[in-house]
Colleague: 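The following block contains the structure, expressed as structure tokens.
Only a predicted model underlies this, so the values are computations on that prediction, with no experimental measurement involved. Naming: A, B, ... by sequence-line order, numbering from 1 per chain.
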There are 2 protein chains.
Amino acid sequence: MAQAVRRLVAHDGLDAATVAAVAREVGCSVGLVQHYFPSKDALLLFAYERMQADQLDRVARLIAEGEAGRQPIRAILLRCLPELWPLDEDRRGEYRVDRAFHARALDNPTVAEAAGRAAAVVRGELARAVTNGKECGEVEADTDAELAAAELAALVAGLADDLYREPDRPVGGLPLRGAATAILTARLAHYFPGTCRHYR
Amino acid sequence: MAQAVRRLVAHDGLDAATVAAVAREVGCSVGLVQHYFPSKDALLLFAYERMQADQLDRVARLIAEGEAGRQPIRAILLRCLPELWPLDEDRRGEYRVDRAFHARALDNPTVAEAAGRAAAVVRGELARAVTNGKECGEVEADTDAELAAAELAALVAGLADDLYREPDRPVGGLPLRGAATAILTARLAHYFPGTCRHYR
DNA sequence: GGAATAACCGTATGGTCATATGGTTTCGCG
DNA sequence: CGCGAAACCATATGACCATACGGTTATTCC
């Protein structure tokens, strides 16, 4: 059912995710949806949290792979962060779901909390990367990990908005897809210059 | 009526902006709302575009003031960009309206176009600032104006999200309000080092 | 086997909403 | 004055939706 909600919201927006529509998408009755969820709100929240968990799991897996391969921190981040961008149809769908729930979060504290938690996980992971980098001398000692994490997270989130709207708009000669990567690369290189080629 | 829509959306979300609620807020009949707008969609779109115009006017005025006062480009931008942040109750309301319509833009091409136009104005203004800076030697010659504008716009937009959620969360010792300004200041100082103290 | 439990269904209900309709009042102006 | 257009109103209509409810089928477990 969570998958059905996700498909409906991705395709036609939150308003299209009525209980009846979810039942139709699943191929069951309205009653069954009610059997598993006490209310429509609970169903939507569950679907949202599940999607976030899926997303964060993917990122965590990429991090684990990068660490196993003893890649530089910068390379790991450059691999993980664009995972949150709407660069293919699946991720565009996720972006649509995410934005729809972000709007809902404005009026629904429970959804807001879920959205805040996910954002905090991303920031936390970034702060950890910076801290690790400081320990091994890759990152300058006077860099504030939280501040750097907040900047990078904001940059990634902000670029996602533009990427969704016009992924192919030319920006400085490149389509935005490439330009966003270039911007992120430059910013990561600032924090993780890669001078000492330390591994994480 | 546009003001009424804005108040309703800011206070209770897009779904609260029913035609009947707008009429009640204005203090007139449902029929009158219909008299002036062919559909609810048209009403909402008008209200959204009006709010965007108000916002951009404020920014334009700040730019004009800064230019009249012969302030450095960096100072002007540092004054203008936080105007788009939800730092007080009025601007938090604007942020809420903006986010609500952003979600609507996912399913409504007309709203999407309006949102895209406003974003393009901000980026254009930023690109203009960078170009001006290059002409007077303030900005390094190999800086790509569009790329820099895209980065700064994304950073500002991304920080707005966080600022709305937790304006007072401590980030590196400062509350996020201050941290966001610090991040923006640092980033602007990178592009506009202020070495030659040129005016715009 | 049989009873309790979970899975599952179809429909009814009460509410909300956008829009349509058929009006009345106000006002500008020749 | 008078008349046409605008501003303005109250209510009707038809659609849709979340939830409630009373029921049937399948499964599990003693």
Colleague: Could you state the CG-P distance from B/Leu44 to C/dC17, rounded to the nearest angstrom?
Modeller: 13 Å

Colleague: Provide, to the nearest angstrom, the distance between the CG atom belonging to A/Leu32 and the C1' atom belonging to D/dA26.
Modeller: 13 Å

Colleague: Would you say the base of C/dA20 and the side-chain of B/Gln34 have a donor-acceptor pair closer than 3.5 Å?
Modeller: yes

Colleague: What integer distance in Å separates A/Asp15:CG from D/dC17:P?
Modeller: 9 Å

Colleague: To the nearest 0.5 Å, tell me how far B/Asp57 CG sits from B/Gln52 CD.
Modeller: 11.5 Å

Colleague: Look at the side chain of B/Ser29 and decide which nucleotide, out of C/dA18, D/dA10, D/dT19, has an atom nearest to it.
Modeller: D/dA10

Colleague: Starting at CZ of B/Arg24 and ending at C1' of D/dA10, how long is that distance when rounded to a whole Å?
Modeller: 15 Å

Colleague: Look at the side-chain N and O atoms of A/His35 and state whether any lies under 4.0 Å from the OP1 or OP2 oxygen of C/dA7.
Modeller: yes

Colleague: For the side chain of B/Thr18, counting heavy atoms from C-beta on, which of D/dC9, C/dT11, C/dC17 is nearest?
Modeller: C/dC17

Colleague: As a quick check of understanding, evaluate side-chain contact (heavy atoms from CB on, under 4.5 Å) for A/Gln55 and A/Glu83, giving each step before the final call.
Modeller: CA-CA 8 Å; A/Gln55 228 171 354; A/Glu83 185 71 27; 6.0 Å; no

Colleague: Under 3.5 Å, is there a donor on one side chain and an acceptor on the other for B/Arg96 and B/Tyr164?
Modeller: yes

Colleague: Rounded off to whole Å, could you give me the CE-to-C1' distance for the A/Met1 and C/dC8 pair?
Modeller: 10 Å

Colleague: Between D/dA7, C/dA7, D/dT19, which nucleotide gets closest to the side-chain atoms of A/Tyr36?
Modeller: C/dA7

Colleague: Hey, which of these two, A/Lys40 or B/Gly31, hits DNA chain D nearer its 5' end, going by closest nucleotide?
Modeller: B/Gly31

Colleague: Of A/Asp12, A/Asp90, A/Asp54, which is the lone residue that meets salt bridge (Lys or Arg N to Asp or Glu O under 4.0 Å) with A/Arg6?
Modeller: A/Asp54

